[in-house]
Amino acid sequence: MSDTGRTVRYCAPGRVNLIGEHTDYNFGFALPIALPERTEVSYQPDDGDSLVVRSDRETAPVRLSLNTVPGEVTGWAAYVAGVVWALQRAGHRVPGGAMAIARGVETGSGLASSAALECAVLGAILAATDQTVDRVEQARIAQRAENEYVGAPTGLLDQLSVLFAEQQRAQLIDFRDLTVRSIPFDPDDSGVALLLVNSHAAHRHAGGEYAARRASCERAAAALGVSSLRDVQDQGTQVLAAVPDPEDARRARHIIAENARVLNTVEALQVCDFTEVGRLLSVSHASMRDDFEITTPHIDLIAESAVQAGALGARMTGGGFGGCVIALVDADRADATSDAVRASMRRSGHREPTIARTRAGRGAGG
Ligand code: GLA
């Protein structure tokens, strides 16, 4: 069947994880929202055996063979090649053609720009070929592209967020059974602003720290005789007394306590208690700083300055070691808090962060 002759447009957003960090590959819980910023793919299929991909952030296009295999394409186009590869491995048809990508989600900021790109490419190919694949399976295909083609050992958080997001809602994801529950998230309606503070300190996942955290959690689970930390969630953090390695035990303590915080955040959101949500965000940040050790002094300072300036709470969001901080603040204090954070970063010799008020946006779509 020929798919030529039409141009398909498909968009996918970035995401902010409100709470539940590094819980995804531990089969726990997370609560992300999508950002209004979106990556857009324009795809014109043809009958050829290669795909020519252009990005508005790059000067040169990349031509990739439909028979591409891991290792062949690197850099930004590896995410596209990975989706082409993973879709075919899952038994789906991928035609050749021309693809133009407008990347609306900043890269290296912990906002899941990779998942936005993967899911936009995937959605464009499925739409152009009239193939239907459910969203959980789409997320798995995009994850396979990232894990096996790009080589980043990430979980399913980003792809599920991007695919399931809805405006003014957050998604409670249970990674054990991959179910997603839609939770009202509209701080504006309660006179509260969600600030996104971009440190501009870039982070990376293919690097060793992400994999090291994953390995630590796996060792802790093995020491407890279970296949994942989720299996001991109901026993609380006391169970970790039986983990011999103190570092592994601290990593696992973050996961078990973070899962409980996600569920507590959902309860607080259901009664619009943003004071409690803010408190949980700050406790989560402390846990990422002290137990999971994925923050940096720069990021800690942003979160602390926001709280000192009156935010209800603040935490780093995303994989760690840089990227963005989110802060919840009474709307009438949003500007003063942003000014205070900028001033504090200037005083400490850091690059001034970009601070913007953000909202829960819609998920991937045409
Ligand atoms: C990155 C990964 C996700 C998840 C987060 C941390 O965004 O891609 O799978 O592990 O880090 O919560």
Side-chain angles (χ1 to χ4, degrees), residues 12-35 78-79 82-83 105-119 136 138-165 170-176 178 180 196 198 201-218 228-230 251-252 254-259 261-262 265 281 284-285 287-289 291-296 299 315-326:
R15 65 101 190 88
V16 152
N17 193 16
L18 295 175
I19 194 160
E21 224 63 81
H22 285 255
T23 47
D24 57 352
Y25 54 79
N26 287 298
F27 301 116
F29 301 103
L31 188 69
I33 59 170
L35 289 171
Y79 294 93
V83 168
V105 184
E106 187 169 323
T107 55
S109 298
L111 301 177
S113 61
S114 317
L117 176 56
E118 292 152 14
C119 294
V136 170
Q138 287 187 42
R140 285 186 203 275
I141 293 171
Q143 184 199 26
R144 212 168 298 138
E146 189 156 335
N147 291 171
E148 295 175 41
Y149 198 104
V150 178
T154 47
L156 267 172
L157 167 70
D158 302 346
Q159 294 82 4
L160 286 174
S161 317
V162 162
L163 291 161
F164 279 86
Q171 289 69 49
L172 170 62
I173 307 177
D174 181 340
F175 293 94
R176 182 154 67 181
L178 296 183
V180 182
L196 181 61
N198 191 334
H203 80 132
R204 300 197 45 194
H205 288 326
E209 293 292 349
Y210 187 95
R213 294 305 179 282
R214 217 178 152 139
S216 222
C217 295
E218 280 161 13
S228 92
L229 289 172
R230 176 65 181 273
R251 305 292 190 241
H254 164 75
I255 300 301
I256 292 179
E258 184 82 345
N259 281 331
R261 282 187 289 268
V262 173
T265 303
L281 297 191
S284 168
H285 186 88
S287 173
M288 294 190 290
R289 181 190 62 212
D291 279 353
F292 219 61
E293 294 181 278
I294 52 170
T295 67
T296 62
I299 290 289
R315 70 182 285 278
M316 184 190 71
T317 183
F321 308 101
C324 290
V325 167
I326 50 169

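Order of listing sets the numbers, starting from 1, for every ligand and every atom in it. Note that the structure is a prediction, hence the values are computed from the model and not measured.
- If you number the atoms of ligand 1 from 1 as listed, the ones under 4.0 Å from a heavy atom of Thr154 come out as 2 (C), 8 (O), 9 (O).
- Taking any N or O of Glu146, backbone or side chain, none lies under 3.5 Å from an N or O belonging to ligand 1.
- When the options Phe292, Tyr25, Tyr210 are ranked by their closest heavy atom to atom 10 (O) of ligand 1, first place goes to Tyr210.
- Listed by atom number, the atoms of ligand 1 under 4.0 Å from Gly319 heavy atoms are 6 (C), 11 (O).
- For atom 9 (O) of ligand 1, the nearest non-hydrogen atom from the set Asp24, Asn147, Ile19, Leu156 belongs to Asp24.
- The structure places CG of Asp291 at 10.0 Å from CD1 of Ile255, a figure rounded to the nearest 0.5 Å.
- A distance of 10.5 Å separates OG1 in Thr317 from CD1 in Ile299, rounded to the nearest 0.5 Å.
- With respect to Glu293 and Arg251, a salt bridge is recorded, a charged nitrogen being found less than 4.0 Å from a carboxylate O.
- In this model, no donor atom of one side chain and acceptor atom of the other lie less than 3.5 Å apart for Thr23 and Glu258.
- On a distance-only criterion, Gly155 and ligand 1 share at least one N/O pair closer than 3.5 Å.
- Ile294 pairs with exactly one of Arg289, Met316, Glu209 by the side-chain contact (heavy atoms from CB on, under 4.5 Å) rule, that one being Met316.
- Counting heavy atoms closer than 4.0 Å to ligand 1, residue Arg15 contributes side-chain atoms (C-beta onward) but none from N, CA, C or O.
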Review point. Side chain to side chain contact (heavy atoms under 4.5 Å, CB included) between Arg213 and His254: does it pass, once the steps are laid out?
Key: CA-CA 11 Å; Arg213 294 305 179 282; His254 164 75; over 6 Å; no

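- At a 3.5 angstrom cut-off on N or O pairs, Thr23 does not count as close to ligand 1.
- Residue Asp158 approaches ligand 1 through these ligand atoms, each under 4.0 Å from one of its heavy atoms: 1 (C), 2 (C), 3 (C), 7 (O), 8 (O).
- A donor-acceptor pair shorter than 3.5 Å cannot be found between the side chains of Gln171 and Ser161.
- In this structure, Arg214 has no heavy atom closer than 4.0 Å to ligand 1.
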